S.K.: 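So that we are looking at the same thing, I have put the structure below in structure tokens.
In this text, all values refer to a predicted model and were calculated from it rather than measured experimentally.
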Amino acid sequence: MYAKLGAAIHRAGSDSGTATFIEVPEDQKICIETAMKETTIKESRKQNTHV
């Protein structure tokens, strides 16, 4: 998912571990309450994966 205006997400990913990728532009933020296994977030040049 590409969120041009940023993202506020209650739960990202799935119980089965399906890969989920969320990206926002450099001037936006991602706020995730719960990140499930194999959720990757990318803000600008920084990328993190919840394993």
S.K.: Looking at OG1 of Thr20 and CZ of Arg11, how far apart are the two atoms once the value is rounded to the nearest 0.5 Å?
M.R.: 10.0 Å
S.K.: Do Lys29 and Val24 make a side-chain contact, defined as non-hydrogen atoms from C-beta onward lying under 4.5 Å apart?
M.R.: no
S.K.: Atom OG1 in Thr40, atom CD in Glu23: separation rounded to 0.5 Å?
M.R.: 11.0 Å
S.K.: Could you report the tightest heavy-atom contact between Ala3 and Pro25, atom names first, then the distance?
M.R.: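 Ala3 and Pro25 have their closest heavy atoms at O-CD, 3.3 Å.
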S.K.: Can you give me the closest heavy-atom contact between Ile22 and Ala12, atom names plus distance?
M.R.: CD1-CB, 3.9 Å
S.K.: Is there side-chain contact between Gln28 and Lys4, with at least one heavy-atom pair below 4.5 Å?
M.R.: no
S.K.: For a side-chain contact (heavy atoms from CB on, under 4.5 Å) with Ile9, tell me which candidate from Thr39, Ile41, Ile32, Thr34 qualifies.
M.R.: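 Result for side-chain contact (heavy atoms from CB on, under 4.5 Å) with Ile9: Ile32.
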